[in-house]
Enquirer: 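One structure follows; several queries about it will come next.
Here the structure is a predicted model, which means the values were calculated and not measured. A note on names: the letters A, B, ... follow the listed sequences, proteins ahead of strands, and every chain is numbered from 1. FYI, side chains are in, hydrogens and waters are out, and symmetry mates aren't considered; it's all heavy atoms of this structure.
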Amino acid sequence: MVTGFPETEFFHNYRRSASAIIGSALMVLFAVAVLAGPFLVAQNPYDIASLNLMDSYKPPMWLAGGDPQFPLGTDGQGRDVWASVLYGARISLFIGVVAMLASCTIGTLLGLIAGFHGGLADAVIMRIADIQLSFPSILIALFLMSAVGTGIDKVLIALTAVGWVVYARTVRGSTLSEIEKEYVQAAKVAGLPNHKIIRKHVLPNVLTPLIVIATIQVGTFVLIEASLSFLGVGVPITQPSLGLLIKNGFDVLFSGLWWTSVFPGLAIMMLVFGINLFGDFLRDELNPRLK
Amino acid sequence: MLGYLLKRLIQMTLVLWIVSVIVFLMMSFTGDPVFMVVPIDASDAEIAQARRLLGLDDSLLVQYWKFLTSLVQGDFGQSYVFRQPAMTLILERLPATVELVLVAMVLAIAVAIPLGVYAGANPQGRISRVIMAGSLLGISLPGFWVGMVLIYLFAVNWGMFPSSGRGDTAEILGLRLSVLTWDGWHHVVLPAITLSLATMAIILRITRAGMMEVGRQDFMKFARAKGATRRDVLYRHGLKNALIPVVTIFGLQLGDLIAFATITETIFSWPGMGKLLIDSIYRADRPVIVVYLMLVALIFVVINFLVDVIYTLIDPRIRLK
């Protein structure tokens, strides 16, 4: 078979899995939209000078009164909904990915410490994790945001504060089983310092399960951020994410102006659905136990 | 068993204490509540007096001690906005939230379990694939957006259901409930569907996974071999054993429903404690936020405890330690 992919089991299964292909296609679509967003639309929705109040509340172009210049219609300030969605997706995805990277780094570090050193550090880290896991993430994030106020940086902190736990627990578990193994014992006997054993031997072997968690977490974070922004305690109005766009649209929904809120929601759905589809495929591939 | 219960009780108290410390610290480091109670044109002397009355002059430790002792006595102070005991405000709205959460939970279970059993029993079937894709979509949807779309379609466009409020309530055992009246049911439908979707999707997936796991077991082959009907095999032999992970997730989901009810209640103007929380966050009404958090923490701790106990009751292989 002639393909661009190396013929490994992973790619073999990938090509046979409709959900993996659809999921990754959606993810690529969003990656392109986020990177190329400003070049795809004529209007910068944050540049007041480019807005014209005469254009406000235009319906999508296929409806009566629509304007091909604004394919998905406009909002109350004459802002192109399509442009807002592209810019909003940038903010949503940026928050999701950065918060995931921060959670993953901090969680992995704490998990390694807990698993490798045990004792007091282990007890403290894991008890915090236990307590935190018994509360829904959205509620913890909501509480943190209500205390620190709105802002992208604050959303990142709140998401990281709820997101590290799952990595810490997973890494601790795999570290405990790794350090029992002979190669780690051998490295210890050979006199390697702890940080080298962790970095060179333990870490590479505990990373695989994290790939699945990290993938799905981006989707979860996008949803949590959207909920926070919808409630008005997420991103500031000057940097509207998809969730804040929905909130702004909700205020005019009762006048029948559905497009300002429906399209940002569809964008979130497609993005998170794509991530979850691909994440499910990864889980099946990387975790043969669950097959 | 008694030793286990005692140990869990101590654990639960410890968790609640830690939550109280965190809540207190977060509340102390953010904003100055004195400006919530004094008029905008208050003089420095008035502000200083209000500060003294609120006990904000004391050291953090003294303040925490006062905070903790009044918590234990059930005294959470007055709401800055409503000038009523914060506890009363929350408790008044608790039945509305519990009602919404329970209706959503029942709805989720009623839909998810049969579909999950079907998808688990026929993993390769076309309908199962549709069910599974649908459940993944259910997890991927922002719940508040679904609520909005439902409002737009069923309330604004077609006028089939109301978009806000609880409707008529009837009183039973001192609780005012909407589900006792026809008008109340009419109001509860849309918010309950909105709230239940994510939980429905998750319970469905867990049920399916459980059924697939159970389907490989010998006792299922035996049940089939002895000629039990398909329905009996799936539900009496299969589901009963597949339910164990469902029960664990059930507790977590109940917690999630309470948390997400804050958003659903806000969209549908459902007068529950979740909407009160969001309103209180906007107005920095600290006492109400504290009561909400402590009450919800208590509810979660109790739910987790009950789940563990039920877990051992339905699976005799697990013994309480």
Enquirer: Rounded to the nearest 0.5 Å, how far does CZ of Phe135(A) lie from CG of Leu252(B)?
Expert: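 The CZ atom of Phe135(A) is 12.0 Å from CG of Leu252(B), to the nearest 0.5 Å.
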Enquirer: Could you check whether any side-chain heavy atom of Phe273(A) comes within less than 4.5 Å of a side-chain heavy atom of Leu141(B), counting everything from C-beta outward?
Expert: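 A side-chain contact under 4.5 Å is absent here.
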Enquirer: So what's closer than 4.5 Å to chain A heavy atoms on Ile278(B): side chain, backbone, both or neither?
Expert: side chain
Enquirer: Does any backbone or side-chain atom of Leu277(A) lie under 4.5 Å from a heavy atom of chain B? Answer side chain, backbone, both or neither.
Expert: both
Enquirer: Tell me, do Leu139(A) and Phe260(B) make a side-chain contact under 4.5 Å, heavy atoms counted?
Expert: no
Enquirer: Side chain, backbone, both or neither: which part of Ile258(B) has a non-hydrogen atom closer than 4.5 Å to chain A?
Expert: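 Neither part.
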Enquirer: Which atoms of Val222(A) come close to chain B, meaning under 4.5 Å heavy atom to heavy atom: side chain ones, backbone ones, both, or neither?
Expert: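 Neither part.
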Enquirer: Is Ile18(B) close to chain A through its backbone or its side chain, or both, or neither, when contacts mean heavy atoms under 4.5 Å?
Expert: side chain
Enquirer: Do any N or O atoms from the side chain of Trp145(B) and from the backbone of Ser261(A) form a donor-acceptor pair under 3.5 angstrom?
Expert: yes
Enquirer: Check each atom of Ile138(A) against the heavy atoms of chain B and say whether the ones under 4.5 Å are side chain, backbone, both or neither.
Expert: side chain
Enquirer: I need the residue from Asn157(B), Ile303(B), Ile267(B) with the largest number of non-hydrogen atom pairs under 4.5 Å to chain A.
Expert: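 Winner by heavy-atom pair count: Ile267(B).
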Enquirer: side-chain contact (heavy atoms from CB on, under 4.5 Å) with Phe144(B): which of Leu231(A), Leu223(A), Ile246(A)?
Expert: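 Exactly one candidate clears the test, Ile246(A).
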Enquirer: For the candidates Asp256(B), Val156(B), Val15(B), Leu137(B), which exhibits the highest count of non-hydrogen atom pairs separated by less than 4.5 Å from chain A?
Expert: Leu137(B)
Enquirer: For a 4.5 angstrom cut-off between non-hydrogen side-chain atoms, does Asp280(A) reach Arg205(B)?
Expert: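 Side chain of Asp280(A) against side chain of Arg205(B), heavy atoms only: contact under 4.5 Å found.
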Enquirer: Measuring heavy-atom distances to chain A, does Val146(B) have an atom under 4.5 Å in its side chain, in its backbone, in both, or in neither?
Expert: neither
Enquirer: Measure Ala155(B) against the heavy atoms of chain A and call it side chain, backbone, both or neither at under 4.5 Å.
Expert: neither
Enquirer: Can you confirm whether Leu142(A) sits close enough to Ile281(B) that some side-chain heavy atom of one is under 4.5 Å from a side-chain heavy atom of the other?
Expert: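 Yes; the side chains approach each other to less than 4.5 Å.
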Enquirer: Mind telling me whether Trp258(A) and Tyr152(B) have parallel, tilted or perpendicular rings, with 30° and 60° as the class edges?
Expert: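 Tilted.
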Enquirer: So which part of Leu293(B) gets closer than 4.5 Å to some heavy atom of chain A, the side chain, the backbone, both or neither?
Expert: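 Contact with chain A involves the side chain of Leu293(B) alone.
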Enquirer: Indicate yes or no: at least one non-hydrogen side-chain atom of Phe230(A) is less than 4.5 angstrom from one of Pro142(B).
Expert: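 Phe230(A) does not reach Pro142(B) side chain to side chain.
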Enquirer: Mind listing the closest non-hydrogen atom pair of Leu253(A) and Ile151(B) along with its distance?
Expert: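 So the minimum-distance heavy-atom pair works out to CD2-CG2, 4.3 Å.
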Enquirer: So which part of Leu266(A) gets closer than 4.5 Å to some heavy atom of chain B, the side chain, the backbone, both or neither?
Expert: both
